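Here is the structure we will look at.
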Amino acid sequence: MTASLVKKIMPLLVAVVVWLIPVPDGLSSDAWSYFSLFLGVVVALVLEPVPAAAVGLIGIVIAVVFRLVAVEPGAEVTAKAAINWGLSGFKNSTVWLIFVAFMFALGYQKSGLGRRIALFLIKKLGRRSLGMGYAVALADLVLAPFIPSNTARSGGTIFPIVNNIPAIYGSTPEQEPEKIGRYLCWTGFAATCVTSSMFLTALAPNLLAMSIVEKLLGTEIGWMVWFTGFLPVGIILFLLVPLISYVICPPTIKLSESIPDWAGKELSALGPLSGAEKKMALLALLALLLWIFGGSLMNSTTVGLLVLCLMMLSGVVSWDDIIGNKQAWNVLIWFATLVTLAGGLGQTGFLAWFSSKAGVLLTGYAPELVMMLMVILFFVLHYFFASITAHVTALLPVFIQLSIAVPGLSEMKLSLLLCFTLGLMGVITPYATGPGPIWYGSGFIPAGMFWKLGFIMAIVFLAALVLIGFPWVNAMVQ
């Protein structure tokens with residue numbers, strides 16, 4: 001049996017085996033069938049027997065044909081309701097912001113601005129690959145407190161610049177991705193997961209989580225409380241991410257004495273900024289300012305679409321460029337279908353059932369142990385989500401309510417620790433947070449490797465939170 005055939009059979013086999021298991025008490029047959037389908041999709045995303053976008057589309061079609069997802073658990077599913085659910089991911093704002101980020105990258109590339117900035121960075125920091133990794137992470141850290149969308153920050157601002165660097169070293173997704181492209185892409189992605197947890201305003205779901213905690217416990221989590229609560233974990237992880245990435249995803253170029261000198265000569269040869277570069281620079285600045293200061297005026301996705309239209313009208317990109325960007329359209333379909341599929345777990349009642357069963361299993365243990373297990377469980381359950389916002393909405397109230405029922409457990413300490421996982425959990429899969437599909441879509445990191453690197457980094461993140469965050473929060477909150 002060929003490896004290709006095994007990859008095609010395994011997702012189907014996993015789905016069928018789970019489906020044949022008797023339906024657990026308290027769960028409907030449709031919910032169990034849907035869960036088996038979702039597991040099959042996850043296996044297919046790891047093995048990639050067909051492109052990831054096709055996996056998501058196939059999963060959606062199967063769920064729609066068999067009408068597995070109701071608007072509410074137990075409700076009748078009509079043909080119209082089924083297809084409306086199946087297409088619902090395409091109206092998700094984050095999905096379109098991811099799409100826009102790819103178009104921004106195209107604008108940087110076509111105008112030449114991306115190459116100019118990349119050459120400048122290499123001239124200043126390119127002597128060591130590790131130094132480039134820290135530069136990428138630092139750029140995200142500087143923007144994190146001001147842009148509450150990590151998709152806009154990492155995908156729309158950092159990625160288009162970083163994406164131009166590997167080619168200068170002769171590293172492309174097709175040829176020698178391990179030279180430096182893979183390392184920089186993984187570092188950029190993992191770093192934004194850390195910075196997203198460092199600041200209350202670095203990730204939109206952080207603000208949503210804060211409002212849920214305030215509503216349920218009557219206690220507000222202020223900006224400084226959040227910042228100081230995560231600070232020891234944040235500093236250590238921020239410093240470790242480029243270094244750990246350097247070990248688990250090593251660039252073959254470690255040191256290059258000649259490349260910075262060559263980059264300086266190339267930069268001089270480019271001469272002054274061209275008209276297209278000036279337009280792209282102004283539009284990128286406009287997007288950045290609106291993402292930072294324009295939150296009360298328009299959504300982050302609206303900003304992205306507005307700037308994309310201006311890019312087209314100003315001639316930075318053409319309409320043919322937009323419709324011909326296969327990478328962007330591919331990721332749009334992929335993430336839209338995954339957002340829908342992950343949301344189906346909540347709509348079928350599977351997540352509520354699983355959370356209640358887990359809560360029963362946690363009773364009877366020491367409060368500190370229960371707290372630790374709840375934080376780990378909350379983090380790991382993100383494997384079933386393609387949106388941190390959906391994760392917060394579906395599970396955070398459930399976990400806080402469970403904590404109230406545990407004698408001796410501090411609901412405020414647990415709430416803080418649960419909130420601190422929100423950015424970190426984005427590292428576990430290529431679809432776990434908005435920037436994921438963008439960095440994965442660059443092509444430098446194969447699907448299987450992305451899941452492996454995410455698993456390793458997730459262990460590091462959780463270990464830091466448990467070993468450093470727990471005692472720190474315990475001392476901070478009385």
Side-chain angles (χ1 to χ4, degrees), residues 105 108-109 113-145 147 150 153-173 175-196 198 202 233-270 284 288 423 427 435 438-439 442-445 449-450 453 456-457 460-461 464:
Y108 276 90
Q109 179 186 342
L113 181 63
R115 177 176 170 81
R116 184 183 292 273
I117 296 174
L119 285 168
F120 177 79
L121 289 174
I122 290 169
K123 177 185 175 183
K124 299 296 182 182
L125 303 163
R127 206 166 297 279
R128 287 178 172 80
S129 299
L130 185 60
M132 290 296 297
Y134 276 101
V136 171
L138 185 61
D140 195 291
L141 178 67
V142 170
L143 295 174
I147 303 180
N150 63 354
R153 179 177 74 251
S154 180
T157 305
I158 308 297
F159 170 76
I161 295 171
V162 174
N163 195 46
N164 284 271
I165 296 175
I168 294 173
Y169 287 86
S171 178
T172 68
Q175 295 183 345
E176 298 188 276
E178 70 284 352
K179 202 169 187 180
I180 195 171
R182 186 169 293 164
Y183 167 67
L184 290 182
C185 284
W186 179 254
T187 302
F189 171 60
T192 203
C193 293
V194 174
T195 61
S196 293
M198 286 185 76
V233 178
I235 290 175
I236 290 171
L237 287 181
F238 180 79
L239 294 174
L240 283 179
V241 160
L243 191 59
I244 293 175
S245 300
Y246 195 78
V247 174
I248 65 176
C249 191
T252 56
I253 291 181
K254 312 290 186 184
L255 181 67
S256 176
E257 297 290 345
S258 59
I259 283 284
D261 296 332
W262 170 84
K265 293 175 183 177
E266 288 290 304
L267 201 57
S268 299
L270 287 178
L288 190 59
V427 81
I438 299 169
W439 291 102
S442 68
F444 280 101
I445 310 173
M449 178 176 284
F450 207 109
L453 294 174
I456 294 170
M457 204 63 87
V460 173
F461 287 1

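Please read these numbers as outputs of a predicted model, since none were measured by experiment. Numbering starts at 1 and runs along the sequence shown.
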List the atom of Pro160, the atom of Asn164, and the distance in Å for their closest heavy-atom pair. O-ND2, 2.6 Å
Quick check: closest heavy atoms across Pro166 and Ile180, and the distance to 0.1 Å? CA-CG2, 4.0 Å
Could you walk me through whether Tyr246 and Thr187 pass the side chain to side chain contact (heavy atoms under 4.5 Å, CB included) check? CA-CA 8 Å; Tyr246 195 78; Thr187 302; over 6 Å; no
Atom CG of Leu243 and atom CG of Leu239: how far apart are they, to the nearest 0.5 Å? 9.5 Å
Distance, nearest 0.5 Å, that separates CG of Leu141 from CE of Met198: 5.5 Å
Identify the heavy atoms of Trp439 and Ser154 that sit nearest to each other, and give their distance. NE1-OG, 2.8 Å
Tell me, do Ile161 and Arg116 make a side-chain contact under 4.5 Å, heavy atoms counted? no
Going from CD1 on Ile147 to CG on Leu288, what distance comes out if it is rounded to the nearest 0.5 angstrom? 4.5 Å
Test log, rule side chain to side chain contact (heavy atoms under 4.5 Å, CB included), inputs Tyr108 and Asn163: CA-CA 9 Å; Tyr108 276 90; Asn163 195 46; over 6 Å; no
If you count the non-hydrogen atoms of other residues, nucleotides and ligands that lie under 6.0 Å from NZ in Lys124, is the total more than 12? no
Nearest heavy-atom contact between Ala137 and Pro242 is CB-CG, 4.2 Å
Between Ser129 and Tyr183, the two heavy atoms sitting closest are O-CE2, 3.3 Å
Counting only heavy atoms from other residues, nucleotides and ligands, does the tally under 6.0 Å from CZ of Phe120 exceed 12? no
Could you check whether any side-chain N or O of Arg182 sits under 3.5 Å from a backbone N or O of Ile445, counting only pairs where one atom can act as donor and the other as acceptor? no
Could you give the distance from OH (Tyr169) to CD1 (Ile253), rounded to the nearest 0.5 Å? 7.0 Å
May I ask you to decide if the ring planes of Phe450 and Phe189 are parallel, tilted or perpendicular, using 30° and 60° as cut-offs? tilted
Using side chain to side chain contact (heavy atoms under 4.5 Å, CB included), reason through Thr192 and Ile158 one step at a time and then give a plain yes or no. CA-CA 10 Å; Thr192 203; Ile158 308 297; over 6 Å; no
How many angstroms lie between CG in Leu184 and OG in Ser245, if you round to the nearest 0.5 Å? 10.0 Å
Applying side chain to side chain contact (heavy atoms under 4.5 Å, CB included) to Val427 and Trp186, what does each step give before you reach the verdict? CA-CA 10 Å; Val427 81; Trp186 179 254; 3.9 Å; yes
Could you pull out the closest heavy-atom pair between Val194 and Gly234, with the gap in Å? CG1-O, 3.9 Å
Under the salt bridge (charged side-chain N to carboxylate O under 4.0 Å, His left out) test, residues paired with Lys179 that sit two or more places apart: Glu176
How many angstroms lie between atom CG of Leu240 and atom CD1 of Ile235, to the nearest 0.5 angstrom? 11.5 Å
Considering residues at least two apart in sequence or located in another chain, which fulfil the side chain to side chain contact (heavy atoms under 4.5 Å, CB included) criterion with Ile168? Arg115, Ala118, Leu119, Ile122, Trp262
Please confirm whether the backbone N or O of Val136 pairs with a side-chain atom of Asp140, one donor and one acceptor, at under 3.5 Å? no
Taking the side chain as every heavy atom from C-beta outward, state whether Ile248 and Leu453 have any pair of such atoms under 4.5 Å apart. yes
